[in-house]
Protein chains: 2
Amino acid sequence: MNELRTIRAKSGTNQEGTSAHNRRVIIEAIRLNGPLSRADLARATRLTKQTVSNLIENLEADGLVASEDVVRRGRGQPSTPYRLVAEGAFALGVQIDRELTRVVAVDFLGREAARAVANLPPGDPVEGSRVILRLVEKVRADLVARIPVSAHRLTGLGIAMPGPFGLEPAGDDPWMMGKWQAFPLLETLAAGTGLDVSLQNDATACATAERMNGAADGLDHVVCLYLGYGIGAGLILGGELYTGSNRNAGEIGMVLFSRGGAVLPLEHRASLASLFQRLGLDTATTDAYETVERLTREGDPRILDWLEGAATDLRQAVHMVETIFDPQTVLLTGSAPQPLAERLFAAVFPLLPSNAERPGRTIARFQLGTMDPWAVALGAAADPIRRAFDPVFSAILKEAT
Amino acid sequence: MNELRTIRAKSGTNQEGTSAHNRRVIIEAIRLNGPLSRADLARATRLTKQTVSNLIENLEADGLVASEDVVRRGRGQPSTPYRLVAEGAFALGVQIDRELTRVVAVDFLGREAARAVANLPPGDPVEGSRVILRLVEKVRADLVARIPVSAHRLTGLGIAMPGPFGLEPAGDDPWMMGKWQAFPLLETLAAGTGLDVSLQNDATACATAERMNGAADGLDHVVCLYLGYGIGAGLILGGELYTGSNRNAGEIGMVLFSRGGAVLPLEHRASLASLFQRLGLDTATTDAYETVERLTREGDPRILDWLEGAATDLRQAVHMVETIFDPQTVLLTGSAPQPLAERLFAAVFPLLPSNAERPGRTIARFQLGTMDPWAVALGAAADPIRRAFDPVFSAILKEAT
DNA sequence: CTTATTAAGTCAAATGTCTTGACTTAACTG
DNA sequence: CAGTTAAGTCAAGACATTTGACTTAATAAG
């Protein structure tokens, strides 16, 4: 008779949530600090020795941790450190870009275990998703061939592609991603692989990669600028990845910057697309990446000119994210050729004065992260791992029915 | 012999953490939905009926919830809704501004229970903190006189003042807040009141106020622009207040905007300070607030001119925070006279196209929040309440030794 | 009017996880 | 070689949630 009311609240938790969290905390502690003994873990997590012992036993049985050689450290019984077992879990990651797709498998430590790359038919997600599925199966077969135990240890499939997500297709869609946005990608890949599928934008995936093995590891507040065809920011806020209410947080490429009287999106000058355009490169027909690398080494004046404009905007972007997020550090990542990235990074200095310039700073305000073109795929693959094993709030809550 | 190593990890949890979280979840569910029966609560929190019964009994004994009249809703045993008891908890809040301080007491629901205001000697935190302490004692006495039970139910004292915090004192310090920043304020007020003291900037406090009773209630992703002497943003991200690594997140007044060739901080045009300057008002000697209100009603051309500039910048600021945070909504709050605020709010429209313009939106992109000058003090006071009773991640973890 | 159905809420035993304190083991120190 | 320190285990206990049967109290249907 009464209409069913929607009741809003976070969900509660129970003993299961408690122990799940504690398992995750132990894994995190070992990941951050390297091998730790049970006593070390008890101190790090504030759990009792006994609880840690139980959990370690549990994790060892699951093949996620293993003991190392006994260590003597002065008086008292020697300790037995435990390390994470790389083969304890795996995940797959897919990067979808305009013209190509990269698929990787990573292990529990986020290290690459297999990879494959293929071209994508631009603007054709139907055929494109078939290509991806074939590639995923190839990588999966590769992985299983190499490490036989892995089959049931696959925690999921992470996808990374340029955002923003969920918008009305725009009239101008220079990157042909509009059709991909409209395509039921997650459903298709979930059905085709039988895996749990997650989606994030490329900047967020790159931040995940930096968090897994890079400069962001162990930090709780990091803004990771991602310079690709466009420019975006992957956000680690309060120790967790932040993606906003619709997975579109950090799309700073669309923030408006004024230059010489005109108001333009940041990515108009600070993006590889703007560089390719300046150079008259068609990414579909030329190997733009190598061309840019060569021209950079040659000191091409168009590159220098672009660098100046991009660095100016980037300097302001760093100031903006420092001011807005109050992060511990800002990273420059992306898929630019290494020489270009290094020049750009250097050209951003000196940084603008900002709130980040505080007495007693120990971490650099602005650092150069990875420019590995595979970082996005690796980050995409690391996402299911982190979902399954990181101590996050949502892992404690009871699941939806 | 070995140096004590610092081991990094989140801390673990135990049954205590579990039940503490569940208590908080129940409180949140009632706060968001209004009175709920035990069965409703079980559905909302995914806890079992029995668990909810235990917790409700517990909360009732603590005087935090109380039963209402039995409700018949069709077949089955009638249900007994529980509501939050306003007198169940109290907290004090202090707003410190350049020339004055406001102190309020709020109840469990965030409603004002007592208030007081006094002038502050500009740039003199030693004498100023004495003024504050006297005012706090006055409000506390007021509160206790009105509601005798309250003494031990005081959860803490929240302070709000303009940021940024922890920086080297700048050469130009037009607002005389530099000396306050250097002063050991938390320690002084903690010692003087015997209460737990917390600190946030004024924009964050205003966001807390909006979250407690205003437009942000029940939303998980909100950016709350605060237009005061300067301009800042209070951030609610992922259901929790976000303050960055050094409590300086959201200080968007310092973000650089280009206008007519010059690069200037946002607050150069979009702040009350800029308006006062334009009008030649000295806030120390005149009642700037009333003057502005009168001039606004009169349609003073200087006001109109300022409005145009401020609205232009604000429009861009809204676009910026929408793009960067992907929030559910953006609120305009502050301490401007209501007529001015309404005009400014209206002048921001039409909003710039952004990622927030998605199909199927139900919440307005940009809303006018409170301009109550007491909102900051109320938010400061609500902070200890929310710390003590909101279901946040940190509440589950074991405490530091 | 009587019976069936539905839903709220309680009871008591069971389960799962962490905690406690005593104990064992194994090293270094003097 | 005895004393001290620290890692790690053992077993009983404490605590919070879960389970399933049961009670209570209303409406709906015949």
Side-chain angles (χ1 to χ4, degrees), chain A residues 1-2 4-5 7 11-26 35-60 65 67-82 396-399 401, chain B residues 1-2 4-5 7 11-26 35-61 65 67-82 395-399 401:
Chain A
M1 191 142 296
N2 253 333
L4 197 67
R5 287 178 304 160
I7 303 184
S11 77
T13 186
N14 54 15
Q15 296 99 316
E16 215 174 320
T18 301
S19 91
H21 171 70
N22 289 343
R23 264 176 71 110
R24 287 166 181 251
V25 165
I26 286 186
L36 293 179
S37 68
R38 300 179 186 204
D40 286 336
L41 286 166
R43 282 186 288 266
T45 61
R46 301 185 211 286
L47 295 168
T48 60
K49 283 187 296 181
Q50 187 56 56
T51 301
V52 170
S53 267
N54 296 341
L55 292 169
I56 281 285
E57 209 171 311
N58 192 309
L59 289 167
E60 195 167 21
V65 306
S67 59
E68 298 203 315
D69 288 345
V70 163
V71 170
R72 276 178 271 277
R73 265 192 310 196
R75 274 188 200 180
Q77 178 170 331
S79 62
T80 310
Y82 286 80
I396 290 180
L397 309 180
K398 290 189 167 187
E399 286 179 14
T401 19
Chain B
M1 194 142 295
N2 253 332
L4 199 67
R5 286 178 304 161
I7 304 185
S11 78
T13 187
N14 53 14
Q15 294 99 318
E16 213 175 319
T18 302
S19 89
H21 172 69
N22 289 343
R23 264 175 72 110
R24 286 165 182 253
V25 165
I26 286 187
L36 294 178
S37 68
R38 300 178 184 205
D40 286 336
L41 285 166
R43 282 185 288 267
T45 60
R46 301 187 210 287
L47 296 168
T48 61
K49 284 187 295 182
Q50 187 55 55
T51 300
V52 170
S53 267
N54 296 342
L55 292 168
I56 282 285
E57 208 169 312
N58 193 309
L59 289 167
E60 196 168 19
V65 306
S67 59
E68 298 204 312
D69 289 345
V70 162
V71 170
R72 276 176 271 277
R73 263 193 311 197
R75 274 188 199 182
Q77 177 171 330
S79 62
T80 311
Y82 286 80
I396 290 180
L397 308 180
K398 288 190 168 187
E399 285 178 17
T401 20

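Numbered from 1 within each chain, the chains take letters A, B, ... in sequence-line order.
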Quiz item: In terms of the nearest nucleotide of DNA chain D, which residue is placed more toward the 5' end: Thr18(B) or Val70(B)?
Solution: Thr18(B)

Quiz item: Going from CG on Asn14(A) to CG on Leu47(B), what distance comes out if it is rounded to the nearest 0.5 angstrom?
Solution: 8.0 Å

Quiz item: Which part of the nucleic acid does Ser19(B) contact within heavy-atom distance under 4.0 Å: base, sugar-phosphate only, or nothing?
Solution: sugar-phosphate

Self-check item: Rounded distance in Å - NZ (Lys398(A)) to C1' (dT17(D))
Solution: 7 Å

Exercise. Establish, from distance only, whether the side-chain atoms of Thr80(B) and Ser67(B) form a donor-acceptor pair under 3.5 Å.
Key: no

Quiz prompt | 5'-most by nearest nucleotide on DNA chain C - Thr51(A) or Gly76(B) | solution = Gly76(B)

Exercise. State whether Thr80(A) places a side-chain N or O below 4.0 Å from either non-bridging phosphate oxygen (OP1 or OP2) of dG8(D).
Key: yes

Quiz item: Hey, does the side chain of Thr48(B) come within less than 4.0 Å of dT17(D)'s phosphate (OP1/OP2), counting only N and O?
Solution: no

Quiz item: Do any side-chain nitrogens or oxygens of Ser53(B) fall under 4.0 Å of OP1 or OP2 in dG9(C)?
Solution: no

Quiz item: Does the side chain of Arg73(B) get closer than 4.0 angstrom to OP1 or OP2 of dA25(D) through an N or O atom?
Solution: no

Self-check item: Rounded interatomic separation in angstrom, taking CD from Glu16(B) and C1' from dT20(C)
Solution: 14 Å

Practice problem: Figure out the CG/C1' separation between Asn58(B) and dA16(D), and round it to whole Å. | Solution: 11 Å

Quiz item: Is Arg43(A) near enough to dA7(D) that one of its side-chain N or O atoms lies under 4.0 angstrom from OP1 or OP2?
Solution: yes

Quiz item: Rounded to whole angstroms, how far apart are CZ on Arg75(B) and P on dA29(D)?
Solution: 6 Å

Quiz item: For the atom pair OG (Ser37(A)) and CD (Gln77(A)), what is the distance rounded to the nearest 0.5 Å?
Solution: 10.5 Å

Practice problem: For dT18(D), take OP1 and OP2 only and decide whether either is under 4.0 Å from a side-chain N or O of Asn14(A). | Solution: yes

Quiz item: Rounded to whole angstrom units, what separation is found between the CD1 atom of Ile396(A) and the P atom of dA16(D)?
Solution: 17 Å

Quiz prompt | Pairing residues for Leu59(B) by the side chain to side chain contact (heavy atoms under 4.5 Å, CB included) criterion, not counting sequence neighbours | solution = Arg23(B), Ile26(B), Ile27(B), Leu64(B), Val65(B)

Quiz item: What integer distance in Å separates Leu55(A):CG from dT17(C):P?
Solution: 9 Å

Exercise. Would you indicate what Ser79(B) reaches in the nucleic acid, counting non-hydrogen atoms under 4.0 angstrom: base, sugar-phosphate, or nothing?
Key: sugar-phosphate

Quiz item: Is any side-chain N or O of Gln50(A) under 3.5 Å from a base N or O of dC10(D), one able to act as donor and the other as acceptor?
Solution: yes

Quiz prompt | Nearest-angstrom distance from the residue atom CZ of Arg38(B) to P of dC11(C) | solution = 10 Å

Quiz item: Quick one: on DNA chain D, does Tyr82(A) or Gly74(B) contact a more 5' nucleotide (nearest heavy atom)?
Solution: Tyr82(A)

Quiz item: In whole angstroms, how far is the P atom of dA8(C) from the CD atom of Gln77(B)?
Solution: 9 Å

Quiz prompt | OP1 or OP2 of dT17(D) under 4.0 Å from side-chain N/O of Asn22(B) | solution = yes

Quiz item: So, does the side chain of Gln15(A) form a donor-acceptor pair with the base of dC15(D) at under 3.5 Å?
Solution: no

Exercise. Using side chain to side chain contact (heavy atoms under 4.5 Å, CB included) as the criterion, list what pairs up with Gln50(A), not counting sequence neighbours.
Key: Thr48(A), Ser53(A), Asn54(A)

Quiz item: Going through the distances and angles, do Arg46(A) and Leu397(B) end up as a side-chain contact (heavy atoms from CB on, under 4.5 Å)?
Solution: CA-CA 9 Å; Arg46(A) 301 185 211 286; Leu397(B) 308 180; over 6 Å; no

